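Model, not experiment: these values are computed from the prediction.
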Amino acid sequence: MKKQLKRMGFSYDWDREVSTCEPEYYRWEQLFFLWMYEKGLAYKKGSVVNWCPQCKTVLANEQVEGGACWRCGTEVDQEHLEQWFFRITAYVEELLEYCDRLPGWPERVLTMQRNWIGKSYGCEVDFPMADDTGKTIRVFTTRQDTIFGATFMLVAAEHPLVLELSKGKPFEKEVREFVEKVGRQDRLLRTSDAYEKEGAFLGAYCLNPVTGWKMPVYAANFVLAEYGTGCVMAVPTHDQRDFEFAKKYDLPLIVVIDNPKAPLDAATMTEAYVDEGILVNSGPFDGLENLKALDTIADHLESLGRGRRTIQYRLRDWGISRQRYWGAPIPVVYCGKCGTVTVPESDLPVLLPMDVELTGEGGSPLAKNGAFMDTECPCCGGPARRETDTMDTFVESSWYFDRFCCAGFDRKPGLDKEKVNYWMPVDQYIGGIEHAILHLLYSRFYTKMLRDFGVLSFDEPFRNLLTQGMVCKETMKCRKHGFLYPDQVREGKCTQCDTPVLIGKTEKMSKSLKNVVDPDHLIREYGADTARLFCLFASPPEKDLEWSDQGVEGAFRFIGRVWRMVMDYADPTREVPAGGDLAGLPEEWKALKRKIHQTIRKVTEDIDQRFHFNTAISAVMELVNAVYQAPRPSGEDLTALGILREAIETTVILLNPFVPHVTEELWQILGRTVPLSDTAWPSFDPEAARDEEITIVIQVNGKLRSRIQAAADESEESIRERALRDESARRFTEGKTVRKVITVPGKLVNIVVS
RNA sequence: GCCUGGGUGGCGGAACUGGUAGACGCAAGGGACUUAAAAUCCCUCGGUCCUCGCGGCUGUGAGGGUUCGAUCCCCUCCCCAGGCACCA
């Protein structure tokens, strides 16, 4: 890996290399854990967690993609386990707020983070039970404007209230069966479109706090126990889920928001009305617009003492326990006497044992390692057991960038504040879009936390973010032999059985699809420079890159073209100083001089401001084409040779960041002794780059009709006059009245006629 | 369903702030060089019509709108990619 990176010519500073799996790194992570534990930012709790049966480990919510494990794709189960969590929710407000203060981040990443955090404003409302026990059911709602239409109550099947309320009632058995059934249903089924809303009546009633009506209480399969309070007031007229539920169990519907365009009738509604409207059947609030009623009704509930405004977030705490080997051991021991005890700072690091058996079967290898597990309690000295869970490896990647600033720093807290605060935040961070929420959210959290511990003095880790695309290639498949590597195909046929190969979809390069390119082979065949040039030229970095063998060939040809150009002129221009004065140059050489400086400007801007290497490279290609187009001067024409020398040297310098190896060699061939990598980037001469003559477009009624040449300093008035006299344009203005003439300096004249 | 990006020649992609659409490359076609091939160098290359011009019309997913002028701004719709999805 390292060798390959070096062969490609990437200029990494290997002195800053960091290995997150070494104790020199993860010991600090364990220290941070102790600090977090002390502050309540790390805690253990029993909860329903995502469990990957393949990896035999727990996964954070963010690490479940469409119900499957982000690593192996296996469907994730729900298990009840004791797990360690990081209290990322302590920073939820700041994480959300700073989404508006990261102008250098792509909007879609920020949107994804905002959605993931999922802030919503609403009310908690207490619904008293209809029996006289004085108990209440508390719900969270964002739609308190519909409270007059709440006709029944829904409770998550897993909620303890379900069994409590139904206990001893004639419905108890049915409720129990229902709860068990929901518990058995897996995640995939629950989220599928066909999943039907179901419930069971608990034999209990509560009262609507504003209308006083009796509302039957149901357990429902579609109510989430973990969100809000796990209980929902159901308003079937204005919520589609509640509507479906009401229809199924024949529950009453009351319209409380009327559609101003077409009045609603509860008896004939076929779906819930979820748009804006005017309140009806809502007592004192009738006639209000529902959006305005949100506030008014919230006030009303608060004055009644039945509810209060609250904010809910979708974001949950970050479950970091993993039953894997890799990852820092959690520095905690369990003592029969003292309970959960943290490992004292002086005993850190808790080392990952080297003598574990990695069976590949999943499950924690540490839990099978007695020497690791059995220890002494740091408090009482008695026998104790170590925590065998390790931390999610995303913890490691949440601060490695800080460590880069002071790699090897071996004093507490593992970060040299001065250096870190000098280098950080990262000016330009580059990563795949797949980390939009995982790594990028965790790193933001960790940064804020370390800031509050006094280690860092900045709020956000990455000032600018570029999400680069992935390298894709078409897949090839043989009917008999499945997916094929590129070298298993010759002339469209499988090399094993000679049957024609099926060309499949273009997909992200992966070993499983065999649509990969071997970098060693590529470097052997074409060299690292060709590989680099192709990748940079094919598309801008934020887009996916479609691999094309012909494109690689094209990149190789261009390098050859540059090489021949240099070889051609290296000798004749060897003794000629590059450049030369602009004044007095014949027009054709002036044009090349201009092209040189325009190219420097364009390439500098494209690299600097936009990371658009593809257009930077095409600009250099244009310069090379211009040199090929130039007439070959005689050996005495020192002016011309000087300009050519300048063009050639400029080409070599400008290409250096893209193709460093070949340009360094060409630089030497040109007789330069100072290495190109130590040579300053050229600056352009604005005077030379300026166009002396510009093409002015003449439009009639917005249609392109003619072009004229104008001197750069020609007055707007004069250009306008010439445009009006222009022969080609007059063919279209002849016999018509000129209504208006619009001139855009340096660009065009538009003559409006009727 | 909701949110975010996108949709430009045969293909990858340009067009910076509303001002010449298609830069540059690939593919294709033609020519030069060569005994020949490869390599190289040069030319043509969105569609269409004709009187083949330094021409006309048309053209950036579709349809409207704003504007002197729209790939760019606004509205409606279609399609593709990604994200979220019973979040009350």
Side-chain angles (χ1 to χ4, degrees), chain A residues 65-66 106-116 118-120 122 139-144 146 150 154 156 190-193 195 197 220-224 226-235 238-242 244-245 274 312-315 433-434 436-437 467 533-534 537-540 542-555 557-558 560-561 564 602 605-606 609-610 612 614-622 624-625 628-629 695-707 727-728 731 739-753:
Chain A
E65 297 171 343
E107 198 49 47
R108 60 178 180 145
V109 174
L110 294 172
T111 307
M112 278 192 230
Q113 294 218 346
R114 284 190 196 102
N115 290 344
W116 190 261
K119 183 178 187 175
S120 52
V139 303
F140 171 74
T141 182
T142 56
R143 293 298 307 275
Q144 60 270 19
T146 64
L154 297 171
R190 281 189 81 161
T191 51
S192 79
D193 289 340
Y195 191 61
K197 283 157 192 52
N221 60 353
F222 64 94
V223 176
L224 301 173
E226 324 88 74
Y227 185 80
T229 64
C231 304
V232 181
M233 67 172 203
V235 184
H238 305 292
D239 181 287
Q240 186 58 27
R241 297 157 297 182
D242 298 346
E244 286 167 32
F245 194 88
V274 293
Q312 279 290 329
Y313 300 92
R314 212 183 76 103
L315 181 74
I433 186 69
E434 70 274 18
I437 24 201
T467 50
L533 187 70
F534 166 72
F537 180 65
S539 68
E542 64 274 13
K543 271 189 105 161
D544 280 349
L545 175 110
E546 201 183 318
W547 196 265
S548 142
D549 292 333
Q550 285 166 336
V552 174
E553 199 71 47
R557 274 206 299 264
F558 174 67
R561 198 165 151 86
R564 284 185 296 276
K602 169 97 177 128
E605 283 173 6
D606 282 353
Q609 296 163 19
R610 306 199 304 157
H612 277 204
N614 56 334
T615 51
I617 292 164
S618 59
V620 183
M621 286 174 169
E622 284 185 56
V624 172
N625 289 347
Y628 272 86
Q629 293 292 317
T695 306
I696 301 289
V697 166
I698 303 175
Q699 295 181 341
V700 178
N701 287 346
K703 284 194 179 184
L704 175 73
R705 294 304 180 190
S706 182
R707 295 180 177 91
E727 234 179 89
S728 316
R731 297 210 321 262
R739 297 261 162 205
K740 209 182 199 179
V741 181
I742 289 145
T743 59
V744 180
K747 294 265 173 173
L748 59 80
V749 179
N750 187 11
I751 304 162
V752 185
V753 296

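Of the C1' atoms belonging to B:G22 and B:C72, the separation is 15 Å, rounded to the nearest Å. B:C24 sits 23 Å from B:G31 when the C1' atoms are compared, rounded to a whole Å. On the P atoms, B:G69 is 29 Å away from B:G5, given to the nearest whole Å. Here the separation of B:A70 from B:G65, taken at their C1' atoms, is 11 Å to the nearest Å. Distance check on atom P: B:U20 versus B:A15 gives 13 Å, rounded to whole Å. Comparing the C1' positions of B:C45 and B:A37 gives an interatomic distance of 26 Å, to the nearest angstrom. Between the P atoms of B:U60 and B:A21, the separation comes to 12 Å (whole Å).
Among the protein residues, A:Lys197 comes within range of the nucleic acid bases, having at least one heavy atom under 4.0 Å from a base atom. Contacts of A:Ser548 with the nucleic acid, taken as non-hydrogen atoms under 4.0 Å apart, are absent. Among the protein residues, A:Val752 comes within range of the sugar-phosphate backbone only, with heavy atoms under 4.0 Å from sugar or phosphate atoms but none that close to a base. Nucleic acid contact for A:Arg143: sugar-phosphate only, since backbone atoms but no base atoms lie under 4.0 Å from a heavy atom of the residue. A:Ser120 comes within 4.0 angstrom of the backbone, heavy atoms only, and of no base.
Under the side chain to side chain contact (heavy atoms under 4.5 Å, CB included) criterion, A:Ser120 pairs with A:Phe140, A:Thr142, A:Tyr227, A:Gln312, not counting sequence neighbours. Residues meeting the side chain to side chain contact (heavy atoms under 4.5 Å, CB included) test with A:Phe245, sequence neighbours left out: A:Phe152, A:Leu154, A:Lys197, A:Tyr218, A:Ala220, A:Phe222, A:Tyr249, A:Leu251. In this structure A:Asn614 satisfies the side chain to side chain contact (heavy atoms under 4.5 Å, CB included) test together with A:Pro540, A:His612, sequence neighbours excluded. For A:Trp547, the ring-ring contact (aromatic ring centres under 6.0 Å, His included) partners are A:Phe534, not counting sequence neighbours. The salt bridge (charged side-chain N to carboxylate O under 4.0 Å, His left out) test applied to A:Arg739 returns no partner, not counting sequence neighbours.
Here the P atom of nucleotide B:C68 and the CZ atom of A:Arg705 are 18 Å apart, to the nearest Å. When the C1' atom of B:A70 is taken as reference, atom NZ of A:Lys703 falls 14 Å away, rounded to whole Å. Regarding A:Ile751, its CD1 atom lies at a distance of 13 Å from the C1' atom of B:G69, rounded to whole Å. If you measure from atom CD of A:Glu542 to atom C1' of B:A81, you get 15 Å, rounded to the nearest angstrom. Rounding to whole angstrom units, CZ of residue A:Arg114 and P of B:C87 are separated by 21 Å. One interatomic measurement links the two molecules: CZ of A:Arg241 to P of B:G1, which rounds to 16 Å at whole-angstrom precision. Between the C1' atom of B:A88 and the NE2 atom of A:His238 lies a distance of 15 Å, rounded to the nearest Å. In this structure, the OH atom of A:Tyr227 is 13 Å from the P atom of B:A85, given to the nearest Å.
Distance from the side chain of A:Met112 is smallest to B:G83 among B:U58, B:G83, B:A88. Closest contact between the side chain of A:Gln550 and the listed nucleotides B:C3, B:G83, B:C26 involves B:C26.
Between A:Val749 and A:Val741 there is a side-chain heavy-atom pair separated by less than 4.5 Å. Contact of the A:Ile698 side chain with the A:Ile751 side chain is registered, since non-hydrogen atoms from C-beta on lie closer than 4.5 Å. Residues A:Leu110 and A:Gln113 have side chains not in contact (no heavy-atom distance under 4.5 Å, counting atoms from C-beta outward). For the pair A:Ile696 and A:Arg707, the minimum side-chain heavy-atom distance is 4.5 Å or more. The shortest distance between side-chain heavy atoms of A:Val697 and A:Arg705 does not fall below 4.5 Å.
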N/O to N/O distances under 3.5 Å, protein versus nucleotides 40-44 of chain B:
from: B:U40; atom 1: O3'; to: A:Arg564; atom 2: NH2; distance (Å): 3.4
from: B:C41; atom 1: OP1; to: A:Arg561; atom 2: NH1; distance (Å): 3.0
from: B:C41; atom 1: OP1; to: A:Arg564; atom 2: NH2; distance (Å): 3.4
from: B:C42; atom 1: OP2; to: A:Arg561; atom 2: NH1; distance (Å): 3.4

Got a list of protein N/O to nucleotides 29-32 of chain B N/O distances below 3.5 Å?
none

Just the atom pairs and distances: protein N or O near nucleotides 71-73 of chain B's N or O, under 3.5 Å.
none

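Note on A:Arg610 versus A:Glu542: no salt bridge recorded, every NZ/NE/NH1/NH2 to OD/OE distance being 4.0 Å or above.
Legend: side-chain hydrogen bond (donor to acceptor under 3.5 Å, both in side chains) pairs involving residues 740-749 of chain A, not counting sequence neighbours, sorted by first then second residue: A:Glu716-A:Thr743.
Shown here, B:G9 is classed syn by the O4'-C1'-N9-C4 or O4'-C1'-N1-C2 angle, which is within 90° of 0.
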**Q.** side chain to side chain contact (heavy atoms under 4.5 Å, CB included) between A:Val223 and A:Arg241, worked out
**A.** CA-CA 10 Å; A:Val223 176; A:Arg241 297 157 297 182; over 6 Å; no
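Between the side chains of A:Arg314 and A:Asn115, no donor-acceptor pair is found at a separation under 3.5 Å.
OP1 or OP2 of B:C87 has not a single side-chain nitrogen or oxygen of A:Tyr313 nearer than 4.0 Å.
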5' to 3', nucleotides 49-54 of chain B under a 4.0 Å protein heavy-atom cut-off (B base, S sugar-phosphate only, - none) gives ------
In B/S/- notation (B base, S sugar-phosphate only, - none; protein heavy atoms under 4.0 Å), nucleotides 13-20 of chain B written 5' to 3' is SSS---BB
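Nearest approach of A:Asn701 to A:Val753, heavy atoms of both residues: OD1-N, 2.9 Å.
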Per-residue pairing states of RNA chain B in dot-bracket (Watson-Crick or G-U under 3.5 Å; . unpaired, | other strand) read (((((((..(((......[....))).(((((.......))))).((((.....))))..(((((..]....))))))))))))....
